Number of protein chains: 2
Amino acid sequence: MPDACLLGDQRDLIDQVLDKWSLSILAVLLRGPHRFNELRREVPEITQKSLAQTLKRLERNGIVERIVLDTRHFAVEYRMTALGRSFEAPRQALAQWASDHLEDVNKARASYDADDDARAAASP
Amino acid sequence: MPDACLLGDQRDLIDQVLDKWSLSILAVLLRGPHRFNELRREVPEITQKSLAQTLKRLERNGIVERIVLDTRHFAVEYRMTALGRSFEAPRQALAQWASDHLEDVNKARASYDADDDARAAASP
DNA sequence: CAGTATCCCCTACGATACTG
DNA sequence: CAGTATCGTAGGGGATACTG
(Lines give C-alpha, C1' and ligand atoms only; values in the text may rest on other atoms or scores of the structure.)
Protein backbone atom coordinates (compact mmCIF):
# COMPACT_ATOMS: atom_id res chain seq x y z
CA MET A 1 0.00 0.00 0.00
CA PRO A 2 1.71 3.18 -1.18
CA ASP A 3 1.79 5.92 1.42
CA ALA A 4 1.17 8.40 -1.37
CA CYS A 5 -2.38 7.08 -1.20
CA LEU A 6 -4.95 8.26 1.28
CA LEU A 7 -7.40 5.86 2.79
CA GLY A 8 -10.80 6.84 4.03
CA ASP A 9 -9.75 6.65 7.66
CA GLN A 10 -6.82 8.91 7.09
CA ARG A 11 -8.97 11.43 5.32
CA ASP A 12 -11.45 11.43 8.18
CA LEU A 13 -8.66 11.98 10.62
CA ILE A 14 -7.08 14.76 8.64
CA ASP A 15 -10.45 16.43 8.23
CA GLN A 16 -10.90 16.45 11.99
CA VAL A 17 -7.61 18.19 12.50
CA LEU A 18 -7.77 20.51 9.54
CA ASP A 19 -11.14 22.12 9.88
CA LYS A 20 -11.54 25.86 9.73
CA TRP A 21 -10.04 26.77 13.08
CA SER A 22 -7.95 23.86 14.29
CA LEU A 23 -4.67 24.95 12.79
CA SER A 24 -4.89 28.37 14.39
CA ILE A 25 -5.78 26.97 17.78
CA LEU A 26 -3.07 24.37 17.59
CA ALA A 27 -0.58 27.07 16.74
CA VAL A 28 -1.55 28.95 19.88
CA LEU A 29 -1.60 25.92 22.12
CA LEU A 30 1.81 24.90 20.92
CA ARG A 31 3.20 27.97 22.66
CA GLY A 32 1.83 26.68 25.95
CA PRO A 33 -1.39 25.92 27.84
CA HIS A 34 -4.17 28.43 27.48
CA ARG A 35 -7.48 29.13 29.15
CA PHE A 36 -10.69 29.22 27.12
CA ASN A 37 -10.94 32.98 27.05
CA GLU A 38 -7.25 33.36 26.40
CA LEU A 39 -7.77 31.35 23.24
CA ARG A 40 -10.61 33.63 22.26
CA ARG A 41 -8.32 36.58 22.61
CA GLU A 42 -5.58 34.92 20.60
CA VAL A 43 -7.96 34.03 17.79
CA PRO A 44 -10.36 36.95 17.88
CA GLU A 45 -12.35 36.06 14.75
CA ILE A 46 -13.60 32.82 16.22
CA THR A 47 -16.94 32.65 17.99
CA GLN A 48 -17.44 31.01 21.38
CA LYS A 49 -19.43 28.30 19.78
CA SER A 50 -16.84 27.42 17.19
CA LEU A 51 -14.08 27.54 19.73
CA ALA A 52 -15.91 25.18 22.07
CA GLN A 53 -16.71 22.92 19.16
CA THR A 54 -13.18 22.85 17.83
CA LEU A 55 -11.68 22.24 21.25
CA LYS A 56 -14.07 19.37 21.84
CA ARG A 57 -13.17 17.78 18.57
CA LEU A 58 -9.47 18.15 19.20
CA GLU A 59 -9.93 16.77 22.68
CA ARG A 60 -11.90 13.83 21.38
CA ASN A 61 -9.15 13.03 18.93
CA GLY A 62 -6.56 13.15 21.66
CA ILE A 63 -4.79 16.17 20.23
CA VAL A 64 -5.59 18.46 23.08
CA GLU A 65 -6.19 17.96 26.78
CA ARG A 66 -8.75 19.74 28.91
CA ILE A 67 -7.67 20.30 32.48
CA VAL A 68 -9.92 21.58 35.22
CA LEU A 69 -7.75 23.71 37.44
CA ASP A 70 -10.34 24.73 39.99
CA THR A 71 -13.90 23.53 40.20
CA ARG A 72 -15.15 26.37 42.31
CA HIS A 73 -13.78 29.13 40.13
CA PHE A 74 -14.41 27.68 36.70
CA ALA A 75 -10.78 27.56 35.78
CA VAL A 76 -10.01 25.32 32.84
CA GLU A 77 -6.89 24.97 30.81
CA TYR A 78 -6.22 23.44 27.42
CA ARG A 79 -2.91 21.97 26.52
CA MET A 80 -1.30 19.84 23.87
CA THR A 81 -1.04 16.11 24.41
CA ALA A 82 1.91 14.10 23.17
CA LEU A 83 -0.20 13.11 20.19
CA GLY A 84 -0.96 16.75 19.60
CA ARG A 85 2.70 17.62 19.63
CA SER A 86 3.36 14.85 17.13
CA PHE A 87 1.15 16.77 14.76
CA GLU A 88 3.52 19.67 14.89
CA ALA A 89 5.70 18.34 12.08
CA PRO A 90 2.98 18.20 9.41
CA ARG A 91 1.42 21.41 10.70
CA GLN A 92 4.73 23.12 10.43
CA ALA A 93 5.32 21.75 6.94
CA LEU A 94 1.94 23.04 5.86
CA ALA A 95 2.41 26.50 7.31
CA GLN A 96 5.87 26.71 5.85
CA TRP A 97 4.65 25.72 2.42
CA ALA A 98 1.84 28.22 2.55
CA SER A 99 4.09 31.10 3.47
CA ASP A 100 6.75 30.06 0.97
CA HIS A 101 4.35 29.83 -1.94
CA LEU A 102 1.78 32.52 -1.26
CA GLU A 103 3.22 34.62 -4.05
CA ASP A 104 3.20 31.81 -6.60
CA VAL A 105 -0.36 30.95 -5.82
CA ASN A 106 -1.51 34.52 -6.03
CA LYS A 107 0.12 34.84 -9.42
CA ALA A 108 -1.50 31.64 -10.59
CA ARG A 109 -4.89 32.85 -9.46
CA ALA A 110 -4.50 36.21 -11.13
CA SER A 111 -3.52 34.62 -14.41
CA TYR A 112 -6.31 32.06 -14.21
CA ASP A 113 -8.87 34.75 -13.51
CA ALA A 114 -7.51 36.92 -16.29
CA ASP A 115 -7.92 34.07 -18.74
CA ASP A 116 -11.44 33.63 -17.55
CA ASP A 117 -12.20 37.26 -18.18
CA ALA A 118 -10.60 37.09 -21.61
CA ARG A 119 -12.73 34.10 -22.54
CA ALA A 120 -15.86 35.81 -21.26
CA ALA A 121 -15.02 38.90 -23.34
CA ALA A 122 -14.30 36.84 -26.44
CA SER A 123 -17.63 35.01 -26.42
CA PRO A 124 -20.32 37.25 -24.99
CA MET B 1 6.62 36.91 12.91
CA PRO B 2 6.69 33.35 14.25
CA ASP B 3 6.05 30.73 11.63
CA ALA B 4 4.08 28.82 14.23
CA CYS B 5 1.42 31.42 13.55
CA LEU B 6 -1.02 31.28 10.68
CA LEU B 7 -2.07 34.40 8.86
CA GLY B 8 -5.38 34.78 7.13
CA ASP B 9 -3.85 34.41 3.68
CA GLN B 10 -2.15 31.21 4.61
CA ARG B 11 -5.34 29.80 6.01
CA ASP B 12 -7.20 30.67 2.83
CA LEU B 13 -4.55 29.01 0.79
CA ILE B 14 -4.45 25.90 2.89
CA ASP B 15 -8.22 25.67 2.79
CA GLN B 16 -8.12 25.69 -0.98
CA VAL B 17 -5.72 22.81 -1.06
CA LEU B 18 -7.14 20.82 1.81
CA ASP B 19 -10.78 20.56 0.97
CA LYS B 20 -12.55 17.26 1.04
CA TRP B 21 -11.08 15.71 -2.09
CA SER B 22 -7.92 17.59 -2.96
CA LEU B 23 -5.52 15.40 -1.05
CA SER B 24 -6.80 12.25 -2.71
CA ILE B 25 -6.64 13.75 -6.17
CA LEU B 26 -3.20 15.14 -5.58
CA ALA B 27 -2.04 11.73 -4.44
CA VAL B 28 -3.24 10.22 -7.71
CA LEU B 29 -1.85 12.96 -9.89
CA LEU B 30 1.50 12.64 -8.23
CA ARG B 31 1.85 9.22 -9.80
CA GLY B 32 1.50 10.80 -13.22
CA PRO B 33 -0.92 12.64 -15.52
CA HIS B 34 -4.48 11.38 -15.56
CA ARG B 35 -7.56 11.92 -17.66
CA PHE B 36 -10.79 13.13 -16.10
CA ASN B 37 -12.45 9.77 -16.09
CA GLU B 38 -9.31 8.04 -14.95
CA LEU B 39 -9.42 10.22 -11.87
CA ARG B 40 -13.02 9.23 -11.31
CA ARG B 41 -11.99 5.61 -11.38
CA GLU B 42 -9.10 6.20 -9.00
CA VAL B 43 -11.31 8.04 -6.53
CA PRO B 44 -14.60 6.23 -6.97
CA GLU B 45 -16.48 7.94 -4.13
CA ILE B 46 -16.21 11.34 -5.73
CA THR B 47 -19.00 12.67 -7.94
CA GLN B 48 -18.41 14.21 -11.34
CA LYS B 49 -19.42 17.55 -10.02
CA SER B 50 -17.07 17.52 -7.08
CA LEU B 51 -14.22 16.27 -9.22
CA ALA B 52 -14.71 19.04 -11.75
CA GLN B 53 -14.97 21.56 -8.94
CA THR B 54 -11.87 20.36 -7.16
CA LEU B 55 -9.82 20.23 -10.34
CA LYS B 56 -10.84 23.76 -11.20
CA ARG B 57 -9.84 25.04 -7.83
CA LEU B 58 -6.51 23.24 -7.96
CA GLU B 59 -5.95 24.57 -11.45
CA ARG B 60 -6.80 28.08 -10.40
CA ASN B 61 -4.31 27.88 -7.58
CA GLY B 62 -1.62 26.70 -9.92
CA ILE B 63 -1.33 23.28 -8.31
CA VAL B 64 -2.57 21.35 -11.29
CA GLU B 65 -2.44 21.88 -15.02
CA ARG B 66 -5.20 21.13 -17.50
CA ILE B 67 -3.97 20.04 -20.90
CA VAL B 68 -6.17 19.59 -23.93
CA LEU B 69 -4.73 16.69 -25.85
CA ASP B 70 -7.18 16.63 -28.73
CA THR B 71 -9.97 19.07 -29.40
CA ARG B 72 -11.92 16.81 -31.70
CA HIS B 73 -11.97 13.83 -29.39
CA PHE B 74 -12.42 15.55 -26.05
CA ALA B 75 -9.16 14.35 -24.65
CA VAL B 76 -7.97 16.26 -21.62
CA GLU B 77 -5.25 15.49 -19.18
CA TYR B 78 -4.48 16.80 -15.73
CA ARG B 79 -1.00 16.94 -14.37
CA MET B 80 0.94 18.42 -11.50
CA THR B 81 2.67 21.74 -11.94
CA ALA B 82 5.99 22.53 -10.29
CA LEU B 83 4.04 24.37 -7.62
CA GLY B 84 1.89 21.30 -7.19
CA ARG B 85 4.90 19.11 -6.71
CA SER B 86 6.22 21.52 -4.12
CA PHE B 87 3.15 20.68 -2.11
CA GLU B 88 4.23 17.09 -1.97
CA ALA B 89 6.35 17.58 1.15
CA PRO B 90 3.53 18.82 3.41
CA ARG B 91 1.06 16.41 1.83
CA GLN B 92 3.40 13.56 2.51
CA ALA B 93 3.98 14.72 6.08
CA LEU B 94 0.26 14.85 6.65
CA ALA B 95 -0.45 11.45 5.17
CA GLN B 96 2.43 9.96 7.08
CA TRP B 97 1.23 11.43 10.35
CA ALA B 98 -2.29 10.19 9.72
CA SER B 99 -1.21 6.65 9.03
CA ASP B 100 1.28 6.64 11.90
CA HIS B 101 -1.23 7.82 14.46
CA LEU B 102 -4.50 6.32 13.34
CA GLU B 103 -4.37 3.87 16.22
CA ASP B 104 -3.67 6.51 18.83
CA VAL B 105 -6.49 8.66 17.60
CA ASN B 106 -8.93 5.81 17.53
CA LYS B 107 -8.03 4.93 21.10
CA ALA B 108 -8.45 8.54 22.14
CA ARG B 109 -11.86 8.70 20.52
CA ALA B 110 -13.01 5.48 22.10
CA SER B 111 -11.97 6.61 25.53
CA TYR B 112 -13.53 10.04 25.06
CA ASP B 113 -16.79 8.53 23.91
CA ALA B 114 -16.76 6.02 26.76
CA ASP B 115 -16.39 8.86 29.25
CA ASP B 116 -19.28 10.60 27.59
CA ASP B 117 -21.44 7.55 27.94
CA ALA B 118 -20.41 7.16 31.56
CA ARG B 119 -21.40 10.74 32.30
CA ALA B 120 -24.71 10.31 30.52
CA ALA B 121 -25.42 7.17 32.53
CA ALA B 122 -24.46 8.85 35.79
CA SER B 123 -26.86 11.76 35.41
CA PRO B 124 -29.95 10.69 33.48
C1' DC C 1 -15.02 32.09 33.73
C1' DA C 2 -16.31 28.58 30.63
C1' DG C 3 -19.23 27.23 28.43
C1' DT C 4 -24.81 25.75 26.35
C1' DA C 5 -28.86 26.75 23.83
C1' DT C 6 -31.24 28.67 19.84
C1' DC C 7 -32.07 30.31 15.57
C1' DC C 8 -30.74 30.99 11.07
C1' DC C 9 -28.08 31.11 6.91
C1' DC C 10 -25.20 29.52 3.57
C1' DT C 11 -22.52 26.58 0.96
C1' DA C 12 -20.29 22.28 0.24
C1' DC C 13 -21.61 18.11 -1.41
C1' DG C 14 -24.51 14.52 -3.43
C1' DA C 15 -27.86 12.74 -7.00
C1' DT C 16 -29.54 13.11 -11.30
C1' DA C 17 -30.03 14.72 -15.82
C1' DC C 18 -28.28 16.84 -19.92
C1' DT C 19 -24.54 18.24 -23.81
C1' DG C 20 -20.70 19.37 -27.33
C1' DC D 1 -15.01 11.80 -23.18
C1' DA D 2 -15.28 15.69 -20.33
C1' DG D 3 -17.74 18.12 -18.52
C1' DT D 4 -22.46 21.73 -17.17
C1' DA D 5 -27.01 22.49 -15.16
C1' DT D 6 -30.34 21.95 -11.67
C1' DC D 7 -32.30 20.58 -7.50
C1' DG D 8 -32.15 19.20 -2.85
C1' DT D 9 -30.19 18.36 1.78
C1' DA D 10 -27.02 18.17 6.02
C1' DG D 11 -24.24 20.46 8.91
C1' DG D 12 -20.69 23.90 9.66
C1' DG D 13 -20.50 28.27 11.18
C1' DG D 14 -22.23 33.05 12.84
C1' DA D 15 -25.04 36.05 16.11
C1' DT D 16 -27.18 36.38 20.20
C1' DA D 17 -28.86 35.11 24.57
C1' DC D 18 -28.56 32.44 28.69
C1' DT D 19 -26.21 29.67 32.91
C1' DG D 20 -23.55 27.09 36.79
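What you are looking at is a predicted structure, and each value in this text was computed from that prediction instead of being measured.
Minimum interatomic distance between B:Gln16 and B:Asn61 (heavy atoms only, all atoms of both residues): OE1-ND2, 3.0 Å. Nearest heavy atom pair, residue B:Tyr78 against residue B:Leu29, reads O-CD1, 3.8 Å. Of all heavy-atom pairs spanning B:Gln10 and A:Ala95, the tightest one is NE2-O, 3.2 Å. Closest of all the heavy-atom pairs between A:Asp19 and B:Arg11 is O-NH2, 3.9 Å.
Distance A:Asp15 CG to D:dG11 C1': 14 Å, rounded to the nearest Å. Rounded to an integer number of Å, the gap from A:Gln16 CD to D:dG11 P is 13 Å.
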Steps toward side-chain contact (heavy atoms from CB on, under 4.5 Å) verdict (A:Leu13, B:Asn106): CA-CA 9 Å; A:Leu13 173 45; B:Asn106 283 334; over 6 Å; no
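Across all strands, A:Arg66 comes closer than 4.0 Å only to sugar-phosphate atoms, never to a base (heavy-atom distances). At a threshold of 4.0 angstrom between heavy atoms, the contacts of B:Arg40 with the nucleic acid are absent.
Residues passing the salt bridge (Lys or Arg N to Asp or Glu O under 4.0 Å) test with B:Arg35, sequence neighbours excluded: none. Taking the ring pair (Phe, Tyr, Trp, His ring centres under 6.0 Å) definition, one finds that B:His34 meets it with nothing, sequence neighbours left out.
The nucleotide range of DNA chain C contacted by chain B, defined by atoms under 4.0 angstrom from heavy atoms of the protein and reported 5' to 3', is C:dC13 to C:dG20.
Counting only heavy atoms from C-beta outward, the side chains of B:Ile25 and B:Val64 never approach each other to under 4.5 Å. No side-chain heavy atom of B:Leu55 sits less than 4.5 Å from a side-chain heavy atom of B:Arg66.
A ring-ring contact (aromatic ring centres under 6.0 Å, His included) check over residues 36-74 of chain A, counting only residues at least two apart or in different chains, returns nothing.
How far CD of B:Glu88 is from CZ of B:Arg91: 4.5 Å, rounded to the nearest 0.5 Å.
Toward the 5′ end of DNA chain D lies the nearest nucleotide of B:Arg35, the other residue of the pair B:Arg35 and A:Phe74 mapping further downstream.
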Secondary-structure notation, DNA chain D, from Watson-Crick and G-U pairs under 3.5 angstrom (| other strand): ||||||||||||||||||||
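Within a heavy-atom distance below 4.0 Å of DNA chain C, the residues of residues 44-51 of chain B found are B:Thr47, B:Gln48, B:Lys49, B:Ser50.
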